[in-house]
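Every chain is numbered from 1 and lettered A, B, ... according to where its sequence line falls, protein lines coming before strand lines.
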Number of protein chains: 2
Amino acid sequence: MAYQPPVRDHLFLLRDVLEIDRYSNLPAFADASMDVVEQIITEAAKFTGEVLAPLNSVGDKHGCTWNPDFTVTPPPGFKEAYKQLCEGGWTGLGSDPAYGGQGLPHVVNLSFSEMSSSANMAFSMYPGLAHGAYSAIHTGGTDEQKQTYLPKMVTGEWTGTMNLTEPQCGTDLGMLRTKAVPQADGSYRITGQKIWISAGEHDMSDNIVHLVLARIEGAPAGVKGISLFIVPKFFPNADGSVGARNEGVKCVGLEEKMGIHGNATCVMQYEDAVGYLIGEENSGLKLMFVMMNEARLGVGLQGVAQGEAAYQAARDFAKDRLQGRSLTGPKNPDGPADPIIVHPDVRRMLLDSRAVIEGGRAFLFWTALHGDLMHQHPDEAVRQKAGDYMGLLTPVLKGYLTDKGFKACVDGMQVHGGSGFTEHFPASQYLRDCRIALIYEGTNGIQALDLVGRKLASSGGRAVMSWFAEIDAFVEANSADEKLKPFIEGLAGAKAQQQDATMWLMQNGLANPDNAGAASTDYMHLFGLTGLAYMWALMAKVSLAKIAAGDTDPFYENKLVVGRYYLERVLPETAAHLAKLKTGSATMMALPAEAF
Amino acid sequence: MAYQPPVRDHLFLLRDVLEIDRYSNLPAFADASMDVVEQIITEAAKFTGEVLAPLNSVGDKHGCTWNPDFTVTPPPGFKEAYKQLCEGGWTGLGSDPAYGGQGLPHVVNLSFSEMSSSANMAFSMYPGLAHGAYSAIHTGGTDEQKQTYLPKMVTGEWTGTMNLTEPQCGTDLGMLRTKAVPQADGSYRITGQKIWISAGEHDMSDNIVHLVLARIEGAPAGVKGISLFIVPKFFPNADGSVGARNEGVKCVGLEEKMGIHGNATCVMQYEDAVGYLIGEENSGLKLMFVMMNEARLGVGLQGVAQGEAAYQAARDFAKDRLQGRSLTGPKNPDGPADPIIVHPDVRRMLLDSRAVIEGGRAFLFWTALHGDLMHQHPDEAVRQKAGDYMGLLTPVLKGYLTDKGFKACVDGMQVHGGSGFTEHFPASQYLRDCRIALIYEGTNGIQALDLVGRKLASSGGRAVMSWFAEIDAFVEANSADEKLKPFIEGLAGAKAQQQDATMWLMQNGLANPDNAGAASTDYMHLFGLTGLAYMWALMAKVSLAKIAAGDTDPFYENKLVVGRYYLERVLPETAAHLAKLKTGSATMMALPAEAF
């Protein structure tokens, strides 16, 4: 069976767990009652399941074609599907109504994004990158720039890209060499090579708005001398049409990659390309991080999305494939064998995936709601706390959820046995596509460093203290609930270990920063595990309340089973992470480089 | 830098840890003094590094070609390299001298196999499968069959295959349908389809000896009615040349796979193909398990081999790639940035891999030596214990080491950042090739079930009791050694947890077999972790002795550092496995199949 968007789970989160109807006083939510949201999500499921999903393996098998005239042809069907995406208004779901967007909450947009990414990750990156570019212009552009670019990007007629990486610099953007030379008319001429530019060239949109990091001649060395430029593929006319080609920007090749073949990963050559400064001189990095933070949340979402798709494929296989008999006696006595879903070890793989996917989805939605509150809540204290959480949790969601989403893809293949290794089943594509999510928009190691090196300490640790206080308050408020008890105990235990690790980091990371680096990935995982324990406690509480109120939908009982599985079979990993990180950096730094 | 065979580490294991010179009274070791073995390993490194490794990415990119005349063309260069393999005598290294083999110990052959698999996994499978077929004929064939087939297989002129899987049956061989019809001349006619037949068709050898599981007409249903047949591609002439084509056997297609593109994974069609029974009627499975057990050890080795190759590529990248600065101040102050190997989190990934690869290699070599003792030791008690260990440890080595070898490939790609996801670096191929090792020759879940369901209980638990007793004796004998203390404590702690888990399995697995199934994978990992703790203690003891004796080779100090890393950063996972498995099967079995 092909990918089925998990509509029921999305509605459960939005309606019952996050109760978004509470926020109807905020602008984004005013027109987003749950009835409306349900309609949108149902339509989203239809579009992604029926239009995007069937093109997923087409994109994988055909890939993109670079043509000698520097154009790129995307896989068959992508251009037509993109047209439908635009016509359906999906590109502007969460965009500013001032520029034609629908202004819906981030958390609703996220629901669409997950389905879109599960259905066709490579396709979803074209509008995904465009939205990142939209956000940067929306945040840092002049009024004229906004008027020129945003309406076209909201309709999807124009797409966008992010140009950071160069052959000699990825993580370390201070080494960036692309240069920008000021012109008499106030524009710049951009020269340099950018690599790994997703959706860098294609014919799906009328124009491509490249956002390019470059160094203005004479700017300071390092990250303090980097500016951001708009480099359109075609110059915009005043009437909104596209004019002449910006000849200096060209795609000179495509990367050969392990996955996401349907996305054009371009080598972009800039040779005296005309560009327009956006934001202040030498403060390009700050603006790029507007895109980057949004993108990081989106990549965490890709982890969950690919994990979900891989889970579904594995589950369908496990229900169909007849092989062997249940250890407790035949469950399909009239057939030649039992479906392999009778075997505990097959269920272990499926439930390992599902416990993390459902918990991870909840954590993403919960965080995205804070993104809405951060921008729109009338109470400044709420806005501040929401902003703190967005900063603190973004690296956790990106790093932890892509690690675990990839594990779900690996396990999903394993459930298939030999079939999974062949390209006749979708397991290989999910694994290969998902693998990039652990790397791009800052490797997971960089996320972990951002978390322990910057986010934990920011504002005197205010964000993480809010986090602990919120969990303490929840534990306290629910400690008398007998049925919720295992969830509360699991959460309290995980939080205590995360707090212990945080104290250890404060004491040892300052004394020797290598201790912080050595602890970072284990800390990020410990944080992710604690976050999911909190989400499972929230979901369990709602499910128990529904059951107590007489709701007989098995959805709630099943949710409790998966939650218990999380407590029993996933959460015990916290102690290993804590024990490992407390061993510090001495041993790993003891080997001289030449001894590796 | 290309793959460099780890000669130093192999010699350390054979000479210093296993002290194979002790066994010169056994036939296989009589001509295998360490001086001779060192020469062989040095030559092996040269051949695998210089001939096989350069063809690895050629095989990946070209793959194999199926031709309409039912022949298969392997990747360019493979045929020539195979000729060199034969001319070098590598195909008969561990084979019986009675048939032209060199009769060297298994453990020496393993050294060559690891290098060969690291250098070119897809290539190494052609002789690898042939050796499996050799072993089955050697064990179960008539004298005439042995004389006909073995000498040619020892020289490599003829290769071999294993034909088990059919579209409707993989793990569950009881569902096998391929039929064998007895003929008047004592031969059989074989009809059926076999899939995923590695090295099933190619032009590298003069003949291919297919070993095929089939059901003789009228045989009992299920696994009790399966026989094994020799189905040669060409009929052997009395003079050792090949005669007419066995027209009934054909490769009708190749599988499209995620990796090991250089190996021809064939769909084999048998239509009245002439076959010869090997072994007794209806006892084919027993004989197939001779090949299977050997193959399982070989697959565990592939996990280590791909992990080693991936580690080396990642290490080389990490030493070369300049990006960012050390958290404790510049280490390459004259360069534009420091090599990324200065970062603790990069070292974490490299050392996670190395600790498991070096420990895993030791565990494989240690076990393979027991394979030699099992066959050749004069003392029956030693032979029995060695045989017990081979049975008990084979599933652990296959399952644990491929899981961890694959993790090393995933981490190796991660060290590369974005470069790793492109096909310009070898990381992607290592990851894609290694992935099959978790699946074939019985999925890792099947290994875990074999371990808890069969091997633990066999002969009243004699094997696992020997294992615990051996570790206890080692701990006892070395408890006064202050320098070895962390290794002894780590080992004793892991062993106590494995014993606890074993007790839990005895009590709960019998009561409800689903508890054994639910615990199986965690138990296998706990066993693997304990095994590697033992190996690290053995290696640390030798290294400490060398240092105490005044040996200043930094190899020994570095070995101790990697061993400490294992104790600090890998071994803490035991507790999580124990905690998980003790939660039993109730939760994972609670979900009805339709709720997945």
Original post:
At a heavy-atom separation under 4.5 Å, does B:S419 approach chain A through its side chain, its backbone, both, or neither?
Top reply: both

Original post:
Heavy-atom distance under 4.5 Å to chain B: side chain of A:V346, backbone, both or neither?
Top reply: neither

Subject >> Heavy-atom contact with chain A under 4.5 Å, split by part of B:R432 >> reply: both

Original post:
Got a salt bridge between A:D522 and B:R569, using NZ or NE/NH1/NH2 to carboxylate O under 4.0 Å?
Top reply: yes

Subject >> Partner chain B: residue of A:L350, A:T165, A:L351, A:I260 with the largest heavy-atom pair count (under 4.5 Å) >> reply: A:L351

**OP:** Counting only heavy atoms closer than 4.5 Å, note whether A:F555 contacts chain B via side chain, backbone, both or neither.
**Re:** neither

Original post:
Does A:M588 offer a backbone N or O that forms a donor-acceptor pair with the side chain of B:R347 under 3.5 Å?
Top reply: yes

**OP:** Check whether B:A575 gets within reach of chain A through its side chain, its backbone, both or neither, counting any heavy atom under 4.5 Å.
**Re:** neither

Original post:
Quick one: what part of B:F596 sits under 4.5 Å from any heavy atom of chain A, side chain, backbone, both or neither?
Top reply: both

**OP:** Taking B:Q414 for its side chain and A:L438 for its backbone only, find out whether a donor-acceptor pair lies under 3.5 Å.
**Re:** yes

Original post:
Does a side-chain heavy-atom distance below 4.5 Å link A:Q429 with B:M258?
Top reply: no

Original post:
Which bit of B:M349 is near chain A, if near means a heavy-atom gap under 4.5 Å: side chain, backbone, both or neither?
Top reply: neither

Subject >> Least distance between heavy atoms, B:D345 atom then A:S520 atom >> reply: OD1-OG, 3.9 Å

Original post:
Can any side-chain N or O of A:D172 pair as donor or acceptor with the backbone N or O of B:Q323 at less than 3.5 Å?
Top reply: no

Original post:
Salt-bridged, A:E573 to B:K580, with N to O below 4.0 Å?
Top reply: yes

Original post:
Where does A:L431 contact chain B at under 4.5 Å (heavy atoms): side chain, backbone, both or neither?
Top reply: side chain

Original post:
Of the backbone (N, CA, C, O) and the side chain (C-beta and beyond), which part of A:N444 lies under 4.5 Å from a heavy atom of chain B, both, or neither?
Top reply: both

**OP:** Please check if the side chain of B:R435 supplies one atom and the backbone of A:S428 the other of a donor-acceptor pair under 3.5 Å.
**Re:** no

Original post:
Does the side chain of A:K407 reach to within under 4.5 Å of the side chain of B:K407, using non-hydrogen atoms?
Top reply: no

